[in-house]
Amino acid sequence: MTVLTNSEGGGKLLNELFAEGRSLRRLAGISNLPATLQKLSTAELAPSEGVCH
């Protein structure tokens, strides 16, 4: 699901739609898996330096 907004209230809208995955669960019956902590060395992080995803 994608939401595009140029409104000053866009952050509030995104929070209401996506906070804690409630909308995904309600509308699509799916939810995000909890993030797992990863400890990476400087060398492992180097390929991603300066890259936006």
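Computation of the quantities below employed the complete heavy-atom set of this structure, encompassing side-chain atoms and omitting hydrogens, waters and symmetry-equivalent molecules.
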Least distance between heavy atoms, Glu44 atom then Lys39 atom: OE1-O, 4.2 Å
Return the set of residues passing side chain to side chain contact (heavy atoms under 4.5 Å, CB included) with Thr42 (not counting sequence neighbours), or none when no residue passes. none
Tightest non-hydrogen contact, residues Ala43 and Pro47, listed as O-CD, 3.4 Å
